[in-house]
Amino acid sequence: MTKEIITTNETKPARKKYVLKKRETTRSNYKVNYETDLNQAQLEAVISKEGPILVIAGAGSGKTKTLTYRVARLIEDGIKPENILLLTFTKKAASEMLSRATIVLDDRCEKVAGGTFHSFANIILRRYSKLLKLKNNFTILDKTDCEDIINHITGQIYPKKEKRFPKKSTILEIYSKSVNKETPTKTIIEDEFPQFTHCEEKIIEIHKAYVGYKRENSVLDYDDLLLYVKLLLENNEGLRKTLSNQYQYIMVDEYQDTNTLQADVIKLLASEHNNIMAVGDDAQSIYSFRGANFRNILDFPKLFENTKIIKLEQNYRSTQNILKLTNTIISKAKEKYAKTLFSEIKSPVVPALICAKDTQMEADFICQRILELLDEDISLSDICVLARNARMSYSLEIELSKRAIPYQKFGGPKFMETAHIKDIVAHLRVIINPDDIISLTRILLLLKGIGASTVNSVIPIIKGQLNPNIKLLPSKKADSIIPMLKTLDKLSHLTTSKKPSDIVEEIIAYYRPILKDKYDDFAKREKDLDHFQYLAGQYSNLEDFISDMALEPPDSSVEGMYKRNSDDEALTISTIHSAKGLEWDSVFIIGAVDGRFPSAYSFNSEEEMDEELRLMYVAATRAKNNLYITYPVDMYDYSMNMVLSKPSRFLNGIDDEILEMWDITEE
DNA sequence: AATATAGAATTTTTT
DNA sequence: ATTCTATATT
Ligand SMILES: Nc1ncnc2c1ncn2[C@@H]1O[C@H](COP(=O)(O)OP(=O)(O)OP(=O)(O)O)[C@@H](O)[C@H]1O
């Protein structure tokens, strides 16, 4: 099914132009040469100042570039940077774009407001928390924190476990979708999690308790940040006007990955002027698990009347050969919207599909090919390895280390969410706030001889005071609890006099025996603790440290992070999701085996299969010159009970001229 | 009855 | 690698 986008204000076909020469006196006062740096359609988007504008275009067509130049243009036109709001999807994208704008124009661009939706929401909420009856020092919860709360609540309401009850991460997924799609929990369960309809009521009841807990304790999860901003703007006419007038020009990148909640926030922020520019590509929508829907971008003209739609059709990133392949891939989507995309970059190199007999061979191939690319004068930082999920690159990482090829990894499990770091953070949180029963629970459960029921009886005694009447503690358990209380109580009096890193050091000293007892691989985890202490060293206030880590954690994942000096050249390894919007000279897509990519998870739903396809499209369109797709044939899949041996179905039946097949033979 | 532990099952993607 | 479950231990 192929549809056309409803166009309210079609871009005019290029007509023949008669050029009037510039005369000295009318020479443009602009510092940036917009006319030569941009093509016609891009220029039109950049100089359109007022009203809603939607730039919808394929990968590499310069959407982000257009946004960057528009920021510069607005500033050159005399708009104050503080009146421009630039919302992006990731922190990386935000800083990248502002630094690009700074290069294009000057450092006025750095004063532009914005960042990610969540960080922007955080700033607004801290400023106006009173209006929501929130403490302004509210805590932001990460995934693990939320799971701990769910655990706590479920334990309270339903001490007996139920059969086929969703696990905590699934429960949270349901709640998150419900908030982000602005749909009742009940509907989400019935539509997307029908296997849990039998315990629907319980899930809803736990949700109520969860919301109640968050309110009572002034803690917010990621979704609350957005939700509360929306409520704030909806219920405070005056504030809505103030903020809307402050942010005169609003720009949103990667609009295809916004959800209805975010769309509402944007609508409210733009309510006074409708000066809003959204930029995106429905074919690159890959965040539906967060409630994003690619139809949102197509509905933008409905949300904002008289939207001017601008399409960009020339790709400046990739060679024609790569584009031939990516156009072929995306044409396989079940539901899509017609778009033209062409390139003028010629190159004899054709993308390749490489079969490896196992993951080791896949890793060997990539390493060897990387070394050859380096010989061709391509730098390591111009090469990237992309994978469907973070685990996929394990063998490769080992091989890279063996060959001393430096790499940095993005995406996958977060440093801050590993169990041992969470343990340390829980101690710190209790020091700061002895009422934090979730962290207290976590700490108590680490102790010998203490389980769920002791925790329940002990919490009322030590909640809020780290120096309780010892006689109240159950006598048999007191011995293991008291040392912990003493340590934390002592430190709680030193939060102002001691540096955060010193406090962290003492906690680590206390925790180390527990770590050694709990994990076989404690040596590796111990290094993480040291790194955590190093991070603490960059703060002078413990509370700031903890709250910063929640919203803006160090952005590379567990490994690679402290192995590397930031100025060294390094290969990038990334999940496809984290690579969005970026580009490299040479790209390897690994693990492109059917059952992993697309994931077996998506086999029974056409919509999910389409999203996997878009993911492949996003991955392949990151490449400028060289694209290699590899698949090992030794992966075993538990759910399907078979060895996965076929290449991704998205690459099936593609002509050899568009995608070369390579076989590897060993010397 | 509460806790510890061994074995089985399950695992995407991110703010 | 982590989380859940069933069984052993105290
Ligand atoms: N008019 C132009 N002339 C020359 N190069 C351009 C032009 N427009 C964009 N480019 C280059 O094309 C590349 C892709 O641009 P950009 O990242 O802005 O595309 P995009 O549409 O945001 O891509 P994606 O959809 O993948 O995020 C960049 O290297 C950019 O510098």
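Letters go in sequence order (proteins before strands), and every chain restarts at 1. Please read these numbers as outputs of a predicted model, since none were measured by experiment.
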Practice item. Scan I450(A) against the nucleic acid and name what it touches under 4.0 Å (heavy atoms): base, sugar-phosphate only, or nothing. Key: sugar-phosphate

Exercise for review: Record whether the side chain of R391(A) comes under 3.5 Å of the base of dT11(B) through a donor-acceptor pair of N or O atoms.
Suggested key: yes

**Study point:** Residues D223(A) and N180(A): side-chain donor-acceptor under 3.5 angstrom
**Key:** yes

Review point. How close or far is atom P of dA1(C) from atom CD of E397(A), stated in whole angstroms?
Key: 12 Å

Review point. Is any side-chain heavy atom of Y210(A) closer than 4.5 Å to a side-chain heavy atom of I150(A)?
Key: yes

Exercise for review: For F165(A) and dT3(C), give me the distance from atom CZ to atom P, rounded to whole Å.
Suggested key: 17 Å

Check your understanding: For dT14(B), does either OP1 or OP2 sit under 4.0 Å from a side-chain N or O belonging to T575(A)?
Key -> yes

Point to revise | Nearest-neighbour nucleotide for the F289(A) side chain, dT15(B), dC4(C), dT13(B) considered | key: dT13(B)

Review point. Just checking K448(A): base, sugar-phosphate only, or nothing, at a heavy-atom cut-off of under 4.0 Å?
Key: sugar-phosphate

Exercise for review: Whole angstrom is fine here: how far is it from CZ in F415(A) over to C1' in dA1(C)?
Suggested key: 17 Å

Revision key, fill the gap. Of the candidates dT13(B), dT11(B), dT15(B), the side chain of Y222(A) sits closest to dT15(B)

Practice item. Between E612(A) and E417(A), name the one whose nearest nucleotide on DNA chain B is closer to the 5' end. Key: E612(A)

Check your understanding: Within the structure shown, what part of the strands sits under 4.0 Å from S602(A) by heavy-atom distance: base, sugar-phosphate, or nothing?
Key -> nothing

Study note, to complete from the structure: Atom CG of N293(A) and atom C1' of dT13(B) are separated, to the nearest Å, by 17 Å

Check your understanding: Under 3.5 Å, is there a donor-acceptor pair linking the side chains of T258(A) and N296(A)?
Key -> no

Check your understanding: Tell me: CG of N122(A) to C1' of dT15(B), nearest whole Å?
Key -> 12 Å

Check your understanding: So which one's nearest nucleotide on DNA chain B is more toward 5', R290(A) or G449(A)?
Key -> G449(A)

Review point. Do Y128(A) and Y228(A) have ring centres separated by under 6.0 Å?
Key: no

Review point. Who are the side-chain hydrogen bond (donor to acceptor under 3.5 Å, both in side chains) partners of Y175(A), not counting sequence neighbours?
Key: none

Review point. Which part of the nucleic acid, if any, lies within contact of A390(A), taking any heavy atom under 4.0 Å across all strands shown: a base, the sugar-phosphate backbone alone, or nothing?
Key: sugar-phosphate

Review point. With stacking defined as ring centroids separated by under 5.5 Å and planes differing by under 30°, is Y287(A) stacked against dT13(B)?
Key: no

Review point. F294(A) has an atom CZ; how far is it from atom P of dT13(B), in whole Å?
Key: 23 Å

Check your understanding: What's the CG-P distance between D521(A) and dA1(C), to the nearest Å?
Key -> 8 Å

Review point. Which residues satisfy the side-chain hydrogen bond (donor to acceptor under 3.5 Å, both in side chains) test with E583(A), sequence neighbours excluded?
Key: R317(A)

Check your understanding: Picking from dC4(C), dA2(B), dT14(B), which would you name as closest to the side chain of H577(A)?
Key -> dT14(B)

Practice item. Return the nearest nucleotide to the side chain of R525(A); candidates are dT3(B), dT2(C), dT14(B). Key: dT2(C)

Check your understanding: Rounding to a whole Å, what distance do you find between I150(A):CD1 and dT3(C):C1'?
Key -> 16 Å

Review point. Reckon S578(A) has a side-chain N or O less than 4.0 Å from the OP1 or OP2 of dT14(B)?
Key: yes

